[in-house]
Amino acid sequence: MATDTRVQPAPAVAAVQPRPLRGRSGLMAVFRHVILLPGVVFFVIPLVFMVSTSLKALRQIALFPPELIPNPVLWANYPEVFHYAPMHLYFVNTLFLVLPAIFGAVFTSSLAAYAFARLRAPGKNAIFIVLLSTMMVPAFVTMIPTYILFAKLRWVGGFKPLVIPYLMGSAFFVFLLRQFFLTIPRELEDAAFIDGSSRLRTFTGIVLPLAKPVLATVTIFAFMASWNEYMGPLIYLSNKKQYVLSLGLQVFTDAYGGEWGLLMAASSMMVAPVILLFFFAQKHFVTGITMSGLKG
Amino acid sequence: MGFLAFILGPILASLALGFTRYDIILPAKWVGLENFRDLIADPLFRTSLGNTVYIVLMAVPLGMVVSFLIALLLNQKVRGMAAYRTGYFIPSIVPAVASAALWLYLLQPQWGLVNGFLDLFGIKGPTWLASTTWSKPSIIMLMVWASGGTMIIYLAGLQDIPDTLYEAASIDGASWLRQLVYVTIPLMTPTIFFTLVMGIIGTFQVFSVVFVLTDGMGGPLNSTLVYLIYVYRNAFVFFRMGYASALSLILFLIILVLTLANVRLAGRWVYSEVEME
């Protein structure tokens, strides 16, 4: 992974020699908190008030200074959102995009990545370079021709343009997974071959279990990307019954912009699963970002 | 091969479409350089490019500096570091549409939190998204708020710097500031370079947030008409596919040139370890 190949500092040396500047370190620690604390409040308070406002009536929202914990707590905004926008439907529709995207990441991309890492094929490296170069192309460049293609296929106005390309995996995931597969010692696989295991069985039985951390990272990436995806649904979906959360929330924002309680309730419903996932898989979020960041 | 069908084909198609007039219904008509001539004369092309450049010039350095300072503070074995890190990072995972909806509320002129806060200091807050002066800063503020990913990348980079270097520096009597200038920053230049390049590429493509904040219009008075919203409007509101393709080609070219320039200039300031990759 990202830091594996780097030279690690020797912890023993650091432990033996105490850092100088002992006397001032207490003061420095206080100083750090003096800066960090207001900073973190600036970052977190908007989200706290998103939830808080979602539990307020319009009359309470207009209060100043604003109440952090609403008095009384008004739950009615949440059921009322469904009155204006079928969030449950949006939720299910979003899953229609999320699940194929995860399948494409875990199944298709990992198969392709394994092939790039281990199998021999003529022109393999050339294909891999083409694949990498497609990663450099921003999505907007291909947006219009792809739209025309889907329009010709009569796929516009349905889920197909938002599902089928993602089933085929993504260059970025193939790249991440390949890099990981290359770090798995060949001997492990060779041992399995000697025992008579087939290529596919070795892949599913030996390689994939070892790749669990990177698969988790890739799954989270795929989930986040399709949960947040906005431009695609905006372009391809026209029927209200097919709206996903992002598109539904945007339409809701435009229609009921002044109803802050309702709007914040709807937003909270879209944000909550992401935050929940983050707390369960924090480690994979962080390794994912640093992996894509440092080794690019 | 799926990639070739869905990516490489469209790139070439995009290139070709830029030289045509096409509305999907009637067949495409080859018009040569007409789209590019129109583009030069189109005031909205200049407005949208100008707005985007403004946002890139402000949001990218600001996000980098804020993220770097936070990472620097968090790297120093602070008590509660994990909680701080989570707090700073969380805004960056909020879906763009939801964070736009949230900031719409925060920036609301009468009882939004931002103006309420300014009021504590006796400052009368602006009308933010309704003002042509403050609409772009509003967007930049949101982007800096959501820049936690950059902070995480910096933090990982800082943790890769061997402690022994700092020890050597402090034995030589280097102050905290000198250690920052002569050890930390030079060793962080590859990471800073990476975030700069990615930041520029990403910010030129700002779309969802602005679209939601301005109801898809880039208002008021086109003051937040960013480039991709203009491309979107041409392609999917006016169905001028050829013109929109020409627009996206220009943006692609701008991003490409800037990235290459960045790579070229990197040799002057990015520290590279003597190692073979």
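In what follows, chains carry the letters A, B, and so on, assigned in the order in which the sequence lines appear, proteins first and then strands, with residues in each chain numbered from 1.
In this pair, B:Tyr88 and A:Phe43 present their aromatic rings perpendicular. The plane angle is above 60°, beyond the 30 to 60° band.
Comparing A:Val251, A:Val286, A:Leu245, A:Leu36 by how many heavy-atom pairs each has under 4.5 Å with chain B, the most go to A:Leu36. Of all the listed residues (B:Leu73, B:Leu256, B:Leu102), the one sharing the greatest number of non-hydrogen pairs under 4.5 Å with chain A is B:Leu102. Ranking A:Pro145, A:Ala139, A:Pro66 against chain B, the residue ahead of the rest is A:Pro145, based on heavy-atom pairs under 4.5 Å. Ranked by heavy-atom pairs shorter than 4.5 Å toward chain B, the options A:Pro46, A:Ala62, A:Gly39 are led by A:Pro46. Listed options B:Ser208, B:Ser99, B:Gly112 were ranked by heavy-atom pairs under 4.5 angstrom with chain A; first place goes to B:Ser208. Chosen from B:Val114, B:Thr195, B:Ile152, B:Asp215, the residue pairing most often with chain A at heavy-atom distances under 4.5 Å is B:Asp215. The choice from A:Leu234, A:Thr108, A:Leu37 that makes the most heavy-atom pairs within less than 4.5 Å of chain B is A:Leu234. Note: A:Thr53 leads A:Thr53, A:Ile45, A:Leu277 in heavy-atom pairs under 4.5 Å with chain B. Comparing B:Ile24, B:Leu251, B:Val94 by heavy-atom pairs within less than 4.5 Å of chain A, the highest count is held by B:Leu251. Chain B forms more heavy-atom pairs under 4.5 Å with one residue of A:Val44, A:Leu247, A:Ile144 than with any other, namely A:Ile144.
In this structure, chain B has a heavy atom under 4.5 Å from the side chain of A:Thr253, while its backbone stays farther away. The part of A:Leu263 that comes within reach of chain B is its side chain, from C-beta onward, which places non-hydrogen atoms under 4.5 angstrom from that chain. Within the 4.5 angstrom heavy-atom criterion, only side-chain atoms of B:Leu113, from C-beta onward, approach chain A. Proximity to chain A is limited to the side chain of B:Leu17, based on heavy atoms less than 4.5 angstrom apart. Only the side chain of A:Met264 comes within contact range of chain B, with at least one heavy atom under 4.5 Å from a heavy atom of that chain. Contact of B:Ala235 with chain A is made through the side chain alone, with heavy-atom distances under 4.5 Å. Heavy-atom distances place both the backbone and the side chain of A:Ile61 under 4.5 Å from chain B. The parts of A:Pro138 that come within reach of chain B are both its backbone and its side chain, each placing non-hydrogen atoms under 4.5 angstrom from that chain. For B:Ile255, the part lying under 4.5 angstrom from a heavy atom of chain A is the side chain only. At a 4.5 Å heavy-atom cutoff, the contact between A:Gln282 and chain B is made by side-chain atoms alone. Proximity to chain A (any heavy atom under 4.5 Å) is shown, for B:Tyr154, by neither the backbone nor the side chain. Only the backbone of B:Val144 has a heavy atom closer than 4.5 Å to any heavy atom of chain A. With a 4.5 Å cut-off on non-hydrogen atoms, B:Tyr84 touches chain A through its backbone and its side chain both. With a 4.5 Å cut-off on non-hydrogen atoms, B:Leu106 touches chain A through its side chain but not through its backbone. Both the backbone and the side chain of A:Leu249 come within contact range of chain B, with heavy atoms under 4.5 Å apart. At a 4.5 Å heavy-atom cutoff, the contact between B:Gln76 and chain A is made by backbone and side-chain atoms alike.
Using a 4.5 Å heavy-atom cut-off against chain A, the contacting residues of residues 63-71 of chain B are B:Val66, B:Ile70.
Separating the CG atom in B:Leu247 from the CZ atom in A:Phe140 is a distance of 10.5 Å, to the nearest 0.5 Å. Rounded to the nearest 0.5 angstrom, B:Leu74 CG and A:Arg32 CZ are separated by 10.5 Å. The distance from atom CH2 of A:Trp260 to atom CG of B:Leu104, rounded to the nearest 0.5 Å, is 4.5 Å. Summarising the geometry, atom OH belonging to B:Tyr232 is positioned 8.5 Å from atom CE belonging to A:Met231; distances are rounded to the nearest 0.5 Å.
If you look at B:Phe236 and A:Tyr147, their ring centroids are closer than 6.0 Å. The aromatic ring centres of B:Phe89 and A:Phe278 sit less than 6.0 Å apart.
Residues A:Asp254 and B:Val212 share a closest heavy-atom pair of OD1-O, 4.3 Å. Taking every heavy atom of both residues into account, B:Ala98 and A:Met270 meet most closely at CB-SD, 4.5 Å. Looking at every heavy atom in both residues, A:Tyr230 comes nearest to B:Phe211 through OH-CD2, 3.0 Å.
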Carefully, step by step, assess B:Ile90 and A:Ile275 under the rule side-chain contact (heavy atoms from CB on, under 4.5 Å). CA-CA 8 Å; B:Ile90 267 191; A:Ile275 306 249; 4.0 Å; yes
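Summarising the local packing, CE of B:Met81 is surrounded by more than 12 heavy atoms from other residues, nucleotides or ligands at distances under 6.0 Å. Within a 6.0 Å sphere centred on CZ of B:Phe117, other residues, nucleotides and ligands contribute 12 heavy atoms or fewer. Within 6.0 Å of atom CZ in B:Phe239, more than 12 heavy atoms from other residues, nucleotides or ligands are found, so the atom counts as buried in its surroundings.
With A:Ser246 contributing its side chain and B:Val97 its backbone, the two residues share no donor-acceptor pair below 3.5 Å.
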